[in-house]
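Step one of this worksheet: look at the structure below.
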Amino acid sequence: MTMTTTVPLPAGWPTTEERARAVQDELRLRVVLDEPGPPPGTGHVTGVDVAYDDERDLVVAAAVVLDAASLHVVAEATAAGRVPFPYVPGLLAFREIPAVLAALDALPVPPGLVVCDGYGVAHPRRFGLASHLGVLTGLPTIGVAKNPFTFTYEEPGTRRGAASPLLAGVEEVGRALRTRDAVKPVFVSVGHRTSLDTACAHTLALTPEYRLPETTRRADALCRRALKEATA
DNA sequence: GCGACAG
DNA sequence: ATCTTGTCGC
């Protein structure tokens, strides 16, 4: 059974793009990049995702906890509220995080590593959704995105497991990682308290069958379902 | 100035 | 993100 809670807007949540960028420039200093992160296949791995109904100004987030070894669902929670920020490239976190925080708070078990649908340090100011969520919660986080955003990369080898650097100019901000033979890669970046190697290892452990991590797939399905039930 | 741009 | 049917393939 899934419990849906109501989203409280964190105190001081920015309303303007200018303020939001200032918040990123301040919080980015707290990102921890010198920890390896939890080893793949142990403990919990949690996927978070968000669905919208802009017509009704409604946002629903889902958090799904998996046992990292079996990939079985251990717990799940959802949270619904008003959309707190418009979609602006580079400021996605301000639109998604309040609902995600509420869903994580509603979980009955520790989340372990949190897998986000989007980017971590692969970001214009090196502070994407996954890093922001990590700093706010203290949890280890990674970002697994479906698109290369503004970054560049060389096509990785055709086999699952092949990878190539995701580049912001000459700086490596993440990795294009093939999770399925001959299928478009995903774009992995560190969020908080995790290394890039660990992030990629987790991503491969979570993709035994599909291109996207099992965590993301489960969270995506849950928030869409909860949005329909909230709309109905 | 123009275009591109995680979800 | 979201709007949306059928269809090709394992």
Side-chain angles (χ1 to χ4, degrees), chain A residues 7 17 20-21 23-24 27-28 31 47-64 78-101 103 114-135 141-153 160 166-169 171-177 179-192 196 199 203 208-213 215-232:
Chain A
V7 176
E17 295 184 24
R21 292 192 185 88
V23 168
Q24 290 181 329
L27 293 184
R28 60 187 290 190
V31 176
V48 293
D49 195 18
V50 173
Y52 300 94
D53 182 338
D54 283 305
E55 298 293 288
R56 306 195 183 198
D57 189 37
L58 197 58
V59 54
V60 175
V64 179
T78 58
R82 300 304 182 126
V83 181
F85 207 89
Y87 172 68
V88 179
L91 301 179
L92 177 64
F94 296 95
R95 184 171 168 82
E96 307 217 327
I97 280 187
V100 170
L101 285 175
V114 179
V115 181
C116 296
D117 192 7
Y119 281 114
V121 298
H123 179 272
R125 286 167 294 283
R126 303 298 176 267
F127 195 67
L129 170 64
S131 296
H132 201 145
L133 185 65
V135 165
T141 62
I142 68 173
V144 180
K146 298 180 285 295
N147 300 294
F149 198 16
T150 61
F151 308 107
T152 61
Y153 67 101
R160 162 178 157 85
L166 184 65
L167 302 172
E171 181 183 358
E172 177 171 13
V173 293
R175 213 167 273 166
L177 177 64
T179 55
R180 295 279 287 158
D181 290 355
V183 172
K184 175 180 178 176
V186 295
F187 305 90
V188 181
S189 60
V190 166
H192 183 60
L196 185 54
T203 300
E209 190 170 7
Y210 297 98
R211 173 186 178 233
L212 297 181
T215 38
T216 300
R217 290 168 40 76
R218 296 312 252 275
D220 178 75
L222 179 55
C223 67
R224 290 196 200 208
R225 192 200 321 150
L227 177 63
K228 286 190 177 182
E229 293 171 359
T231 297

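Given the structure is predicted, the values throughout are model-derived calculations rather than measurements. Convention: sequence-line order gives letters A, B, ...; per-chain numbering from 1. When reading the values below, keep in mind they use all heavy atoms of this one structure, side chains included, and skip hydrogens, waters and symmetry mates.
Residue A:Leu91 is in base contact, counting any heavy-atom pair closer than 4.0 Å across all strands shown. Counting any heavy atom pair closer than 4.0 Å across all strands shown, A:Ala51 reaches sugar-phosphate atoms only and no base atom. Note on A:Gly90: a base of the nucleic acid sits closer than 4.0 angstrom, heavy atoms only.
For A:Tyr52, no side-chain nitrogen or oxygen approaches OP1 or OP2 of B:dG7 to under 4.0 Å. Residue A:Arg95 places none of its side-chain N or O atoms closer than 4.0 Å to OP1 or OP2 of B:dA6. At the phosphate of B:dG7, OP1 or OP2 sits under 4.0 Å from a side-chain N or O atom of A:Asn147. For A:Lys146 and B:dA6, the shortest distance from a side-chain N or O to OP1 or OP2 is not below 4.0 Å.
Taking a cutoff of 4.0 Å between a charged side-chain nitrogen and a carboxylate oxygen, A:Glu229 and A:Arg225 do not qualify as a salt bridge. Using a 4.0 Å cut-off between a side-chain N of Lys or Arg and a carboxylate O of Asp or Glu, A:Arg217 and A:Glu209 do not qualify as a salt bridge. Salt-bridge formation is detected for the pair A:Asp117/A:Lys146: a Lys NZ or Arg NE/NH1/NH2 atom is positioned less than 4.0 Å from an Asp or Glu carboxylate oxygen.
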* CA sep, side-chain torsions, deciding dist, call: A:Leu196, A:Glu172, side-chain contact (heavy atoms from CB on, under 4.5 Å) -> CA-CA 10 Å; A:Leu196 185 54; A:Glu172 177 171 13; 3.9 Å; yes
* Derivation and outcome, side-chain contact (heavy atoms from CB on, under 4.5 Å), residues A:Thr215 and A:Val64 -> CA-CA 7 Å; A:Thr215 38; A:Val64 179; over 6 Å; no
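Atom CG in A:Asp117 sits about 12 Å away from atom P in B:dA6, given to the nearest Å. Whole-Å rounding puts the A:Arg125 CZ to B:dA6 C1' distance at 13 Å. Atom CD in A:Glu96 sits about 13 Å away from atom C1' in C:dT2, given to the nearest Å. In this structure, CZ of A:Arg56 is placed 17 Å from C1' of C:dA1, rounded to the nearest angstrom. Spacing between atom CD1 of A:Ile97 and atom P of B:dA6 amounts to 17 Å, rounded to whole angstrom units. Between A:Leu92 atom CG and C:dT2 atom P there is a gap of 12 Å when expressed in whole angstrom units. Between the C1' atom of B:dA6 and the CZ atom of A:Phe85 lies a distance of 15 Å, rounded to the nearest Å. The distance from atom CG of A:Asp220 to atom P of B:dG7 is 11 Å, rounded to the nearest whole Å.
Here A:Tyr87 does not pack flat against the base of C:dA1, since the 5.5 angstrom centre distance and 30 degree tilt limits are not both met.
Comparing B:dA6, C:dA1, B:dC5 by their closest approach to the side chain of A:Thr150 singles out B:dC5.
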